[in-house]
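These values consider heavy atoms only, across backbone and side chains, with no hydrogens, waters or symmetry-generated copies. Numbering of residues begins at 1 and proceeds along the displayed sequence. Here the structure is a predicted model, which means the values were calculated and not measured. As the structure lists them, so they are numbered: ligands from 1, and atoms in each ligand from 1.
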Amino acid sequence: MTEWETIQSRFLAMNPKELNEQAEQARREKGKLLYEIGERHYTRLRTEGKHEEIRAILEQEVLIYGALLRIEEMEREAARRACKTCKATLEPGAKFCGTCGTPVPQEAGAKKTPCRACRTLQPADQPYCTCCGSEMSGLS
Ligand SMILES: [Zn+2]
Ligand SMILES: [Zn+2]
């Protein structure tokens, strides 16, 4: 029996509801497989430096990355506004707490360079882009 005949004989015993479920399950599986193929293809194009071909995906990566980075920044800002020692609220730009005199840790201004694939700014000494995974000093 061919594969098609096997499927047909199996489906002969099913009602429309079961057949619909079968079709839905196959559609989900197909979606998953398409995603996996797309993901592999995307990684290959990115590694080969074919950034224009994956521009639309990179734009989405930048949105995801940018939104999560902003949340992180807001959390860090909130933590910075309170003194570590006495929990007093710090003035913007304060180097010391006005209540207890504890030094306020300052943001390190690390040198940044744009990723050649997604164009987000990344620390200059980092081997891979933390947004899209491209090599920072690889193909352009
Ligand atoms: Zn303090
Ligand atoms: Zn990147």
Next item on the list: Using the side chain to side chain contact (heavy atoms under 4.5 Å, CB included) rule, take Ile54 and Arg46 through it: C-alpha gap first, then chi angles, then the decisive distance, then the call.
Entry: CA-CA 7 Å; Ile54 53 171; Arg46 201 188 58 206; 3.7 Å; yes
Check: Given SG of Cys97 on one side and SG of Cys86 on the other, what angle do they make at the Zn ion (ligand 1), to 10°?
Finding: 110°
Notebook entry, point to check: Please state the angle at the Zn ion (ligand 1) spanned by SG of Cys100 and SG of Cys83: what is it, rounded to 10 degrees?
Noted result: 110°
Checklist line | Criterion side chain to side chain contact (heavy atoms under 4.5 Å, CB included) on Ser134 and Arg116, from CA distance to verdict | finding: CA-CA 8 Å; Ser134 291; Arg116 273 180 271 205; over 6 Å; no
Item checked: Glu53 vs Lys50, salt bridge (charged side-chain N to carboxylate O under 4.0 Å, His left out): CA-CA, chis, key distance, verdict -> CA-CA 6 Å; Glu53 286 178 53; Lys50 295 184 175 143; 5.1 Å; no
Notebook entry, point to check: Do Thr120 and Tyr65 have side-chain atoms, one donor and one acceptor, less than 3.5 Å apart?
Noted result: no
Next item on the list: Could you tell me the angle subtended at the Zn ion (ligand 2) by SG of Cys132 and SG of Cys118, rounded to 10°?
Entry: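 It comes to 110°.
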Notebook entry, point to check: At the Zn ion (ligand 2), what angle lies between atom SG of Cys115 and atom SG of Cys129, rounded to 10 degrees?
Noted result: 110°
